[in-house]
Number of protein chains: 2
Amino acid sequence: MVKNKIDKTAEEKILLAAKKVFTTHGMAGARMQDIADEAGINKALLHYYFKDKEKLFEVIFMEEAQKFFPKINSIFESALPLFEKIERFCDEYITEMMRHPYLAWFIMNELNRDPEKFLNSSWAKANLPNPIRLVEQMEREIKKGTIRRIQPVHLLMHLLSMTVFPFIAKPMMQKALQMDDAHFKKIMEERRKEIPRFIIESIRK
Amino acid sequence: MVKNKIDKTAEEKILLAAKKVFTTHGMAGARMQDIADEAGINKALLHYYFKDKEKLFEVIFMEEAQKFFPKINSIFESALPLFEKIERFCDEYITEMMRHPYLAWFIMNELNRDPEKFLNSSWAKANLPNPIRLVEQMEREIKKGTIRRIQPVHLLMHLLSMTVFPFIAKPMMQKALQMDDAHFKKIMEERRKEIPRFIIESIRK
DNA sequence: GTCTATAATTTGATAGAC
DNA sequence: GTCTATCAAATTATAGAC
């Protein structure tokens, strides 16, 4: 049974509000007052539960990073055949992006703002995509002759790019291609199958 | 003969400094004081030449948008054969991205922050990528049977994604793939040829 | 825990001398 | 045009009552 809004504790309301404001405006553009308003409480309480803006931001960023990164590894390191991995990755990642439309932008944004801070954290070391397994698998498939010669690094970049970029470039894409929200959503749904098909057509021998 | 730093007018120094600060921190994260320091002048002079932060930002954003968007159209609307268009696009765009490493992030960032404002401007209407020509060309090639059946919208998204995304995700990519700056640059150079090859392998019949 | 009131700091913007 | 000094507004953070 899910708690309704009235049942939520203050801390839960703050986290929910902070997530909304930080992910839509970024750290620099977010306002503590907006978070308080969104949560229906006052500013002082924000500082009672979370020391300062920076601390609150870090909690939210880690929550969102959990959604963005770890799933990649669990798929990439599984024992699935290469083509199935690619299919699973696209399908699950697009699901995640559609559930959290601002996720990719938020993460990329903050990583560009201050790359060292997060990327050198112990959490990052443990949870960043570790593509070594996938790269080795690609090399084996090339040796076996099931796929053509291609540098695994590029194949990996192609896959990630085609899956994630449209969500970051959504405003531009919608305008240039004259898509309303429903149309954009439909196109993203199609990409679950389109991207694997596109890749496999290119590399299968 | 290029002017050296001492010869630059105050206005030129401001524009150069503002470009640096805005493109690395975004509108919300940029500080007028930082721009003044970077330009080697004081804050008051910023307001003398450019009314306020918003006006200064708009000048910089339009300058950068000029670099990001118009070239797409000139290639997409040219009379080149499809495969050559794809090759030219990748080559020229990667050149532009390497010349201005923060360009893609900056543009995508501000479009996500306030999509309506820029995308509804008359400049945007005239200069946003208008892919209709390219889409028609793809449809003709499919009819002729030179490429397989594929939705032009997806082909276009694939092309844009593979070209632009690695520059936005640079910090993550470098960390995950353990690349230093030189290695990253080398990989991006390779992509000038790699992306067209990857696409053509997938769609050529 | 939660609030009101207020302090402290940061930041954008202006006044006025030269 | 360019500067110093200062203001005004916005924003984060805290004190203290309940």
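Below, all heavy atoms of this structure are taken into account, side chains as well, without hydrogens, waters or symmetry copies. Per chain, numbering begins at 1; letters A, B, ... match sequence-line order.
- Here the C1' atom of nucleotide dG1(D) and the NZ atom of Lys13(B) are 11 Å apart, to the nearest Å.
- Contact between Ala124(B) and Leu119(B) at its shortest, heavy atoms only, is CB-O, 3.6 Å.
- Scored by the side chain to side chain contact (heavy atoms under 4.5 Å, CB included) test, Glu141(A) finds Leu82(A), Lys144(A), Thr146(A), Ile147(A) as partners (sequence neighbours excluded).
- We find that CD of Gln33(A) is positioned 14 Å from P of dA5(C), with the value rounded to whole Å.
- Nucleic acid contact for Tyr48(A): base, since at least one base atom lies under 4.0 Å from a heavy atom of the residue.
- In terms of modelled atom types and a separation under 3.5 Å, the side chain of Glu12(A) and the main chain of Thr9(A) share a donor-acceptor contact.
- Within 4.0 Å (heavy atoms only), Ile41(B) reaches sugar-phosphate atoms of the nucleic acid but no base atom.
- Residue pairs that meet the ring pair (Phe, Tyr, Trp, His ring centres under 6.0 Å) test with at least one member in residues 15-47 of chain A, sequence neighbours left out, are Phe22(A)-Phe57(A).
- The side chain to side chain contact (heavy atoms under 4.5 Å, CB included) search around Glu190(B) returns Gln151(A), His154(A), Lys186(B), Ile187(B), not counting sequence neighbours.
- Less than 4.0 Å separates DNA chain C from no heavy atom of any residue of residues 16-23 of chain A.
- A close approach under 4.0 Å does occur between a side-chain nitrogen or oxygen of His47(A) and OP1 or OP2 of dA13(D).
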Expected rows: protein N/O vs nucleotides 16-18 of chain D N/O, under 3.5 Å:
none

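- Partners of Pro152(A) under the side chain to side chain contact (heavy atoms under 4.5 Å, CB included) rule, at least two apart in sequence or in another chain, are Val135(A), Met138(A), Glu139(A).
- At dT2(C), none of the side-chain N or O atoms of Asn42(A) fall inside 4.0 Å of OP1 or OP2 (strictly under the cut-off).
- Within the structure, the salt bridge (charged side-chain N to carboxylate O under 4.0 Å, His left out) test picks out the following pairs touching residues 14-34 of chain B (sequence neighbours left out): Lys20(B)-Glu38(B).
- Checked against ring-ring contact (aromatic ring centres under 6.0 Å, His included), Tyr93(B) has the following partners two or more places apart in sequence or in another chain: Phe68(B), Phe89(B).
- For the pair Met32(A) CE and dA7(C) P, the computed distance is 20 Å after rounding to whole Å.
- Note on Ala30(A): only backbone sugar-phosphate atoms sit closer than 4.0 angstrom, heavy atoms only; bases stay farther off.
- Sorted by first and then second residue, the side-chain hydrogen bond (donor to acceptor under 3.5 Å, both in side chains) pairs involving residues 66-83 of chain B (not counting sequence neighbours) are Glu64(B)-Lys67(B), Lys71(B)-Glu96(B).
- Spacing between atom CG of Leu46(A) and atom P of dT2(C) amounts to 12 Å, rounded to whole angstrom units.
- To the nearest angstrom, P of dT11(C) lies 14 Å from CE of Met27(B).
- Side-chain atoms of Arg148(A) come within 3.5 Å of backbone N or O of Ser202(A) as a donor-acceptor pair.
- Rounded to an integer number of Å, the gap from CD of Glu12(A) to C1' of dT2(C) is 17 Å.
- Scanning residues 52-63 of chain B for heavy-atom distances under 4.0 Å to DNA chain C yields Asp52(B), Lys53(B).
- A side-chain hydrogen bond (donor to acceptor under 3.5 Å, both in side chains) check over residues 97-111 of chain B, counting only residues at least two apart or in different chains, returns the pairs Trp105(A)-Asn109(B), Asn109(A)-Trp105(B), Asn109(A)-Asn109(B), Glu110(B)-Arg113(B).
- A straight line from CG of Leu45(B) to C1' of dT4(D) spans 13 Å, rounded to a whole angstrom.
- With rounding to whole Å, Lys43(B) atom NZ is found 15 Å from dA8(D) atom P.
- Close to dT12(D), at under 4.0 Å from its OP1 or OP2, lies a side-chain N or O of Arg31(A).
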Distance-only criterion, 3.5 Å: show the donor-acceptor pairs between side-chain atoms of residues 163-178 of chain B and protein atoms not counting sequence neighbours.
| residue | atom | partner | partner atom | Å |
| --- | --- | --- | --- | --- |
| Thr163(B) | OG1 | Leu159(B) | O | 2.8 |
| Gln174(B) | NE2 | Asp181(B) | OD1 | 3.3 |
| Lys175(B) | NZ | Asn120(A) | OD1 | 2.6 |

